[in-house]
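Below: one structure, written as structure tokens.
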Amino acid sequence: MTHRVTVKVAGLQPVQVLAALAGIAFIVFGVVGFTRTGVGDWSTHSFVLGFSVNPLHNLVHVAVGVLGLLMALGSGLARLYGWLLFLGYGAIFVWGLMITGILAQNPAAQYGNPLALNTNDNWLHLGLALFGLLLAVLPARRKVIEEEEEPVLPEQRSAAFRDTRDHTPHIEEMDPTVSPREREPITKEQAAIDPKTDRVSTNKIKH
């Protein structure tokens with residue numbers, strides 16, 4: 001009996017749960033931000049837990065949260081969501097360092113500060129980028145399934161071709177016209193009878 005071992009993904013993955021929780025957190029943070037800034041004047045900004053936000057920044061949070069909930073439906077999509085967080089918030093982190101003056105040069109200075117970023121935002125975005133990297137490389141939880149296979153029986157050979165001694169065919173079993181009496185052992189004298197004269201030829205008897 002042989003066994004076949006199969007490794008499969010075990011149901012709901014941790015990366016999917018984390019992606020869904022991150023999506024909910026983004027949506028909640030964005031909605032709270034809208035309660036502080038409103039949605040009418042996009043130039044106003046406010047603070048939520050010390051982080052600077054404006055209506056555009058809140059909209060980004062809500063959009064990222066909805067995307068996280070959608071991509072949490074599959075383990076592969078959840079890991080892709082992690083890569084998007086890592087690349088997106090990693091870029092915003094570097095941009096925030098330029099805006100707040102931590103980096104001397106800001107090649108995007110002509111765009112101003114549309115997300116109302118401050119120093120606290122920069123460290124938050126760094127943490128989000130690292131969280132996205134964690135989602136992207138989080139290993140899958142798998143399970144091992146052992147399946148039994150039916151034994152393969154050897155091919156049955158005809159009795160006419162089986163011989164336990166030398167594997168040669170039995171002539172008497174192959175010819176149905178041979179009577180059981182003729183299959184009995186014969187003496188040396190019977191084997192030496194000349195079929196033409198029915199006489200015993202002693203020359204043919206081997207001792």
With sequence neighbours left out, which residue pairs that include part of residues 114-127 fulfil the side-chain hydrogen bond (donor to acceptor under 3.5 Å, both in side chains) condition? Thr100-Asn122

Quick check on the hydrophobic clustering: are Leu126 and Leu115 connected, directly or via other members, by side-chain heavy-atom contacts under 4.5 Å? no

Are Leu56 and Val62 connected, step by step, through hydrophobic side chains (Ile, Leu, Val, Met, Phe, Trp, Tyr) whose heavy atoms are closer than 4.5 Å? yes

Side-chain heavy atoms under 4.5 angstrom apart, residues restricted to Ile, Leu, Val, Met, Phe, Trp, Tyr: same cluster for Leu80 and Leu73? no

Determine, step by step, whether Leu124 and Phe93 satisfy the side chain to side chain contact (heavy atoms under 4.5 Å, CB included) criterion, reporting the C-alpha distance in whole Å, the side-chain angles of both residues, the deciding distance to 0.1 Å, and the verdict. CA-CA 8 Å; Leu124 174 62; Phe93 167 69; over 6 Å; no

Here the gap from Asn58 atom CG to Thr37 atom OG1, rounded to the nearest 0.5 Å, amounts to 4.5 Å

Mind checking side-chain hydrogen bond (donor to acceptor under 3.5 Å, both in side chains) for Asn54 and listing every partner two or more places apart, or none if nothing turns up? none

For a quick test of reading the model, state the closest non-hydrogen atom pair linking Ser75 to Gln16 and the distance between them. N-CD, 3.6 Å

Please answer: with hydrophobic residues joined when any side-chain heavy atoms are less than 4.5 Å apart, are Tyr111 and Met98 in the same cluster? no

Is the side chain of Tyr81 donor-acceptor paired with the backbone N or O of Val64 at a distance under 3.5 Å, no angle test? yes

Linking I/L/V/M/F/W/Y whenever their side-chain heavy atoms sit closer than 4.5 Å, directly or via other members, would Val66 and Leu18 fall into one cluster? yes

What's the shortest heavy-atom distance between Leu135 and Arg79, and which atoms? O-CG, 3.6 Å

Which residues share a side-chain hydrogen bond (donor to acceptor under 3.5 Å, both in side chains) with His57, sequence neighbours left out: His61

Rounded distance (nearest 0.5 Å) linking atom CG of Leu69 with atom CG of Leu67: 9.0 Å

For Leu87, side-chain contact (heavy atoms from CB on, under 4.5 Å) partners two or more places apart: none

With a cut-off of 3.5 Å and sequence neighbours excluded, list every side-chain donor-acceptor pair involving residues 20-32.
none

dist Ile92:CD1 -> Leu117:CG (nearest 0.5 Å) comes out at 7.5 Å

Which heavy atom of Ser52 sits nearest a heavy atom of Ala116, and at what distance? OG-O, 2.7 Å

Minimum heavy-atom distance Ala72-Ala19, with the two atoms named: CB-CB, 4.0 Å

Please round to the nearest 0.5 Å and tell me the distance separating atom CG of Leu128 and atom CG of Leu133. 12.5 Å

Give me the atom names and distance for the closest heavy-atom approach of Gly38 to Pro55. O-CG, 3.6 Å

Sequence neighbours left out, what passes side-chain contact (heavy atoms from CB on, under 4.5 Å) with Leu134? Give chain and number order. Leu138

